[in-house]
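The structure under discussion appears below in the form of structure tokens.
Protein chains get the first letters and strands the later ones, always in sequence-line order, with residue 1 at the start of each. Fair warning: this is a prediction, and the values are worked out from it, not measured in the lab.
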There are 2 protein chains.
Amino acid sequence: MTDGRTRRREDTRQRLFVAAVDLIAEQGFSATTVDDIAARAGVAKGTVYYNFESKTVLFEELLRHGIGLLTAEFRAAVDGLPPLEALGALVRAQLEYIRRYRAFAQLLLSEMWRTNREWQQTLRLLRGEAIAVIAETVKAGVDSGELPADLDVRTASSALFGVGLVVAVDWLVFSPERPIDEVQESLLGIVRRVART
Amino acid sequence: MTDGRTRRREDTRQRLFVAAVDLIAEQGFSATTVDDIAARAGVAKGTVYYNFESKTVLFEELLRHGIGLLTAEFRAAVDGLPPLEALGALVRAQLEYIRRYRAFAQLLLSEMWRTNREWQQTLRLLRGEAIAVIAETVKAGVDSGELPADLDVRTASSALFGVGLVVAVDWLVFSPERPIDEVQESLLGIVRRVART
DNA sequence: GTTTTTATACTGACTAGTCAGTTCGGAATT
DNA sequence: AATTCCGAACTGACTAGTCAGTATAAAAAC
């Protein structure tokens, strides 16, 4: 499994992911060509098709990979924490993630609300997995009375997810000169205020 | 000015705008072909190029048109109101707008944070105009002490703009069965809580 | 009030170019 | 020896933009 060959191949796939993420975040899926992706990854075009069935499949696996990481970080962040603190930890984890994988976040934001695309179903599913972690936390908070009882769990969870994404990416794109810690503070402030019973 | 010819032409342009908005909202700018737009508008492809210089220019004029409407509604909404009420009026105006032009809102959300696109500069400028109205209101509120003094005007304004957009579109795409009034209420609730000094 | 002219609006086949995906012999890596 | 990658040529479907020609309002001439 981790012999030289598989490692080498994993490395190529990783380089293709990185190249694809950067380009698609900038230009969108359709405007990004497979030739571009191969060139930026420093790889021949044939290699792309040796490693991935198609451009669409490459993108889908990319989404799976990226959101999988995010979901894992969400799970790790809330582990064992009481609801209110878990909520803060989620915001921090999301921003930490966006800071690290800004291009992927930008890509997510741009492709998340699309309809009528081949991979839309995949994206919807993955989004659900990430939000489920948030929803569990919110539900626990509402059940235990630490969060307002009138809070609608599903709405609040997806709103939280989307708002973190939009505020952080907005900052990165339109005010990149500012430290992202400020986003974190103001977002935490907002969430805390809203979470007050 | 309003003879048969100009009216007919205006009508054609309007139909092209509507067709383009719907398709681009669903598929994105690059994935939408000029043939598609023409077909949906019930017009020959040549007509698109008779009325607009290029696909990009059509899109830019569409953005100008759409955001111009939004900015005008913002201006009308805050007119003469004291800061706190003006803030609520802005939220309501934005949601009212999104309810009416949902495809345009979806399109905005998807294309807003792109970089390296020909029309990116235009979009950035237009976004600035809309946010300026929000910023004026927030600034007046901070100056008069009705809003927290530690509120950063620029950040708060763009956050408000983005959050309204993302929450509303998220709702439209992922929970369209719910009445949008509920979004308005919960958004207003959030803004009110955050605005508390 | 009818006919002729003109300007405007539209048409759709056509061109020139692009891009996803294929193919495959050979080179490099393990 | 087997796997992985290279690279370059090729195909076929698709797409932005063009342009010569048509239709039709309104204005001009009769």
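- At a threshold of 4.0 angstrom between heavy atoms, the contacts of A/S30 with the nucleic acid are absent.
- Backbone-only contact: A/V43 has heavy atoms under 4.0 Å from sugar-phosphate atoms and none from a base.
- For A/N51 and D/dC5, the shortest distance from a side-chain N or O to OP1 or OP2 is below 4.0 Å.
- In this structure, A/Y49 reaches the C/dG21 phosphate: one of its side-chain N or O atoms is under 4.0 Å from OP1 or OP2.
- If you take CZ of A/R15 and P of D/dC6, they are 7 Å apart, rounded to a whole angstrom.
- B/K55 has its NZ atom 17 Å from the C1' atom of D/dT18, to the nearest Å.
- The phosphate of D/dC5 has neither OP1 nor OP2 within less than 4.0 Å of any side-chain N or O from A/Y50.
- Taking the six-membered ring where the residue is Trp, B/H65 and B/F17 present parallel rings, their angle staying beneath 30° rather than reaching 60°.
- One finds no side-chain N or O of A/T12 lying less than 4.0 angstrom from the OP1 or OP2 phosphate oxygen of D/dT4.
- Side-chain N/O atoms of A/T122 and A/E60 include a donor and acceptor closer than 3.5 Å.
- An OP1 or OP2 oxygen of C/dT11 is reached within less than 4.0 angstrom by a side-chain nitrogen or oxygen of B/T47.
- Counting only distance, with no hydrogens or angles, the side chain of B/N51 and the backbone of B/T47 share a donor-acceptor pair below 3.5 Å.
- B/T56 comes within 4.0 angstrom of nothing in the nucleic acid, heavy atoms only.
- In terms of polar N and O atoms assigned as donor or acceptor, the side chain of B/K45 comes within less than 3.5 Å of the base of D/dG17 in a complementary pairing.
- Taking atom CG of residue B/D35 and atom P of nucleotide D/dC14, one finds them 11 Å apart after rounding to whole Å.
- Atom-to-atom, CZ of A/R13 to C1' of D/dC5 comes out at 15 Å; the value is rounded to the nearest Å.
- Between A/F74 and A/F161, the ring planes lie perpendicular to each other; the angle is over 60°, past the 30° to 60° tilted range.
- As a whole-Å value, the separation of B/E10 CD from C/dC10 P is 10 Å.
- No side-chain donor from either of A/E129 and A/T71 sits under 3.5 Å from a side-chain acceptor of the other.
- Atom-to-atom, CG of A/D11 to C1' of C/dT29 comes out at 13 Å; the value is rounded to the nearest Å.
- Minimum atom distance to the side chain of B/R9 is reached by C/dC10, of the listed D/dA16, D/dC6, C/dC10.
- Listed candidates were C/dA20, D/dG17, C/dC10. Nearest to the side chain of A/T33 is C/dA20.
- Protein atom CG of B/L16 is 14 Å distant from nucleotide atom P of C/dA9, rounded to whole Å.
- Rounding to whole angstrom units, CD of residue B/E53 and P of D/dA16 are separated by 16 Å.
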